[in-house]
Student: 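Below you'll find the structure I mean.
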Protein chains: 2
Amino acid sequence: MATSTVENYLKSILRLQRRSGSTAVGEVARELSLTPGTVTTMMRHLSGEGYVDYQPRRGLRLTPDGESAALRVVRRHRLIELFLVQVMAMDWTEVHEEAEQLEHVVSDRLIDRMDEMLGRPTRDPHGDPIPDAEGNIVAMEALPLAEVESGMYRVVRVSDQDPDLLGWLDEKGMTIGEEFELSHCNRAAGVLEIVREEAERLQMGMQVAERVFVESVSA
Amino acid sequence: MATSTVENYLKSILRLQRRSGSTAVGEVARELSLTPGTVTTMMRHLSGEGYVDYQPRRGLRLTPDGESAALRVVRRHRLIELFLVQVMAMDWTEVHEEAEQLEHVVSDRLIDRMDEMLGRPTRDPHGDPIPDAEGNIVAMEALPLAEVESGMYRVVRVSDQDPDLLGWLDEKGMTIGEEFELSHCNRAAGVLEIVREEAERLQMGMQVAERVFVESVSA
DNA sequence: TCTTTTATCTTGATTATTCAAGATATATGT
DNA sequence: ACATATATCTTGAATAATCAAGATAAAAGA
Ligand SMILES: [Mn+2]
Ligand SMILES: [Mn+2]
Ligand SMILES: [Mn+2]
Ligand SMILES: [Mn+2]
C-alpha cells in the first residue's frame, strides 16, 4: 500500500542508483524538485518501512524490498506507455506524463490485461525494457550516440523525459529501430552529423545525442 | 484542480441531491463512510471554493460550478467503465472499482480518445447515462422492478454498487436490454417472479428488484 | 592546515484530510 | 409542552507531505 508519493521516491532512487549502486539525499531532492529537508524526512520514513538503507550523510540505497517495489512501478509505467501508444494511438511525446499518473492507480488485473493484449512486450515505446511480473529486467548496454565512433548504428532507446526532444526525433524519423551512419562528430563544436537513406543528412547537438542510445549494426 | 477527495465529495452530493434538490451533512457522511464532523469541515471548505451552498443545520446543495465539476467526474467514471468493458474485455462486476480510481487521474486527452473510440456513447455498462463534454445528461425515468405492475418489461439500468448483485444478474442473463414478463409480485413476502423465453422462471427478492430498473415494453 | 563552499540535517510552521468526543440544536413521541 | 433520541456542530488531536531558514558536517581550495 505504498502511497503514490512513496512510489515516486522509489522510482527516482532506482534511477539514480543505477550508476554507482547508491545515491544521495540531494540528488533525490533535485530529481523530484523537493528541498533536501523534505527528502531527509522521507528517507527516515522509507528506512523505517524497510524500503531503503539510509545512513545520514553517507547516502542511501534501495533494499531488496524497495527495489522490487520500484520495479513494479517501472513495469506499470512502461506497460501503460506502450498501451497508450499501441492501443489508444497516442503520441510517444505525450504518454509519459499520462503514465506518470496512471502507474499509481491501475489495478493488477488491468495491468495484466494490457500485458496480455500487447503480447507480453519487453520494450516500451522509447525502447526502455519492461520488467516482467517478477521484476526481472533485461539489461541494456546501448551507448549514447554522443559517445560512439563513426560507423553504422541503430536507434534502440531514447530518453522519454522531454516531449520536445521526442517531437523532433519523430519529425525526423529517428524512431526506435531506425538505422543510419554516423559521419562526422565534432565534440569540440558540440555538433554531429548522421547520414541515412538516399544520402539524407541530419545534424544534431550533443545534448540531443546524449539522449539517443544506439547499438552498432554488424552488417 | 480539485483533489480526488473533493471530486468524490462532489459526486456524492450530486447523487444525494438528485431526489429533493438538496442533501445533508449526515447523508454525505454515511455515503462516504466519514464522520459528520469531517464532512462539516469539508463543507465549509467547498462552500469557500464556491462548489456548494451550505447553511449550517439547514442542509447543502451544489452550486452551478459544483454541479458541472461533479458531472465532469461522472462523465469520466462512466466512459472509463464502458471502455474497460468494451475495449479491455473486463467484467461489468469489476469496472466500477477501477473507474473509481481512474476517474481522478486520466487526462482530458485520453478521455476524449476513449469517447471517440467508443463512438460517443450515451450509456455506461450498467445503463447509466453518460453526460456529454458540456455536462448535458439525458434524464432517465426508468422505475425499479420492485415498483411496477405485472406486464412486459426491459432492463434499462442496474445499480453498479454491488459486485455480487452484478455477478448474479450476469449469470442469469439479466443484462441491459433483456426483456421479460413480470408474473407474480408478492410484496408482503418480499419476493417476485419473472418469466422469459421458453417459460423459464426466475425468482428474486425485493432488495434485488429495488436495484434493477425497467421500462415497459409496448409490444 | 585554515578557510570557503557545498551538502545535508534539524527545527518550526503550513496545508489537506481525517477521527474522537463532547456540546448543541432539532425532531419525535407521549 | 417535556423528555428523549437523533442530527449536526465544535474542538482538539493525528498523519502525510511539504517548505523556509538556520545549524552542522564534509569537501574543496589556498
Ligand atoms: Mn516514461
Ligand atoms: Mn518510456
Ligand atoms: Mn460505477
Ligand atoms: Mn456504471
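All of these numbers come straight from a predicted model, not from anything done at the bench.
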Student: Base, sugar-phosphate or nothing for A:Thr35? Non-hydrogen atoms, less than 4.0 Å.
Tutor: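 Base contact.
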
Student: Could you give the CG-to-P distance, from A:Asn8 to D:dA17, as a whole number of Å?
Tutor: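 Atom CG in A:Asn8 sits about 11 Å away from atom P in D:dA17.
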
Student: So, does A:Tyr9 get its side chain near the phosphate of D:dT18, meaning an N or O under 4.0 Å from OP1 or OP2?
Tutor: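 For A:Tyr9, the contact criterion (side-chain N or O under 4.0 Å from OP1 or OP2 of D:dT18) is met.
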
Student: Does any donor-acceptor pair link the side chain of B:Arg57 with the base of C:dT24 at a separation under 3.5 Å?
Tutor: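 Per atom types, the contact qualifies.
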
Student: Assign A:Arg44 to base, sugar-phosphate, or nothing according to its heavy-atom contacts below 4.0 angstrom with the strands shown.
Tutor: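 Sugar-phosphate, backbone atoms only, no base.
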
Student: May I ask you to say what B:Gly37 touches in the nucleic acid, namely base, sugar-phosphate or nothing, with a heavy-atom cut-off under 4.0 Å?
Tutor: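 Since a base atom lies under 4.0 Å of B:Gly37, the category is base.
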
Student: Once you apply a heavy-atom cut-off of 4.0 Å, does B:Thr5 come out as touching a base, just sugar-phosphate, or nothing?
Tutor: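 The residue B:Thr5 makes sugar-phosphate contact but no base contact.
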
Student: Give the rounded distance in Å between these two atoms: NE2 of A:His45 and C1' of D:dT15.
Tutor: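 For the pair A:His45 NE2 and D:dT15 C1', the rounded distance is 10 Å.
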
Student: Decide, yes or no, whether a salt bridge links B:Glu67 with B:Arg72 under the criterion of side-chain N to carboxylate O below 4.0 Å.
Tutor: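 A salt bridge is absent here (no side-chain N lies under 4.0 Å from a carboxylate O).
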
Student: Have a look at B:Glu98 and tell me which of B:Glu81, B:Met90, B:Met88 forms a side chain to side chain contact (heavy atoms under 4.5 Å, CB included) with it.
Tutor: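 Answer after filtering B:Glu81, B:Met90, B:Met88: B:Met90.
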
Student: Between A:Asp108 and A:Arg76, does any NZ, NE, NH1 or NH2 come within less than 4.0 Å of an OD or OE carboxylate oxygen?
Tutor: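 A salt bridge links A:Arg76 with A:Asp108.
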
Student: C:dC9, D:dC9, D:dA17: which one has an atom nearest the side-chain heavy atoms of A:Tyr54?
Tutor: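 My answer, after comparing the listed nucleotides, is C:dC9.
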
Student: Measure the distance from CE on A:Met43 to C1' on C:dT10 and round it to the nearest whole Å.
Tutor: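 Rounded to whole Å, this separation is 16 Å.
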
Student: Between D:dC9, C:dT17, C:dT18, which nucleotide gets closest to the side-chain atoms of B:Leu34?
Tutor: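 Selected nucleotide (nearest to the side chain): C:dT18.
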
Student: Might you point out which heavy atoms bring A:Ala2 and A:Val6 nearest each other, and give the distance in Å?
Tutor: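 Distance-wise, the nearest heavy atoms are CB-CG1, 3.8 Å.
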
Student: Could you state the CD-P distance from A:Glu7 to D:dA16, rounded to the nearest angstrom?
Tutor: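 These atoms are roughly 16 Å apart.
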
Student: Taking atom CD of A:Glu103 and atom CD of A:Glu7, what is their separation to the nearest 0.5 Å?
Tutor: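 Nearest 0.5 Å value for the CD-CD distance: 7.0 Å.
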
Student: Is it true that A:Arg120 and A:Asp115 have a side-chain N and a carboxylate O under 4.0 angstrom from each other?
Tutor: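 A salt bridge links A:Arg120 with A:Asp115.
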
Student: Taking any heavy-atom pair under 4.0 Å as a contact, classify B:Ala24: base, sugar-phosphate, or nothing.
Tutor: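 The answer is sugar-phosphate, as B:Ala24 gets under 4.0 Å only of primed atoms, P, OP1 or OP2.
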
Student: Tell me what B:Ser33 touches on the nucleic acid: a base, only sugar-phosphate, or nothing, going by heavy atoms under 4.0 Å.
Tutor: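 Sugar-phosphate contact only.
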
Student: Output the rounded distance in Å from CD (A:Glu49) to P (D:dA16).
Tutor: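 Rounding to the nearest Å, CD of A:Glu49 and P of D:dA16 are 8 Å apart.
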
Student: Given that B:Thr41 and B:Arg30 both sit by DNA chain D, which one's nearest nucleotide is further toward the 5' end?
Tutor: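 With B:Thr41 and B:Arg30 compared, the 5'-side residue is B:Arg30.
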
Student: Using OP1 and OP2 only, check whether a side-chain N or O of B:Thr40 sits under 4.0 Å from D:dC9.
Tutor: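 Yes, B:Thr40 has a side-chain N/O under 4.0 Å of OP1/OP2 on D:dC9.
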
Student: Can you find a side chain N or O atom of A:Thr38 that sits less than 4.0 Å from OP1 or OP2 on D:dA17?
Tutor: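 For D:dA17, OP1/OP2 do not have a side-chain N/O of A:Thr38 under 4.0 Å.
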
Student: Roughly how many Å is it from CZ in A:Arg58 to P in C:dT8, rounded to a whole number?
Tutor: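 A:Arg58 atom CZ is separated from C:dT8 atom P by 13 Å.
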
Student: How many Å lie between CD on A:Gln55 and C1' on C:dC9, as a whole number?
Tutor: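 Taking atom C1' of C:dC9 as the reference, CD of A:Gln55 is at 15 Å.
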
Student: B:Leu46 CG to C:dT17 C1': how many Å, rounded?
Tutor: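 Rounded to whole Å, this separation is 12 Å.
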
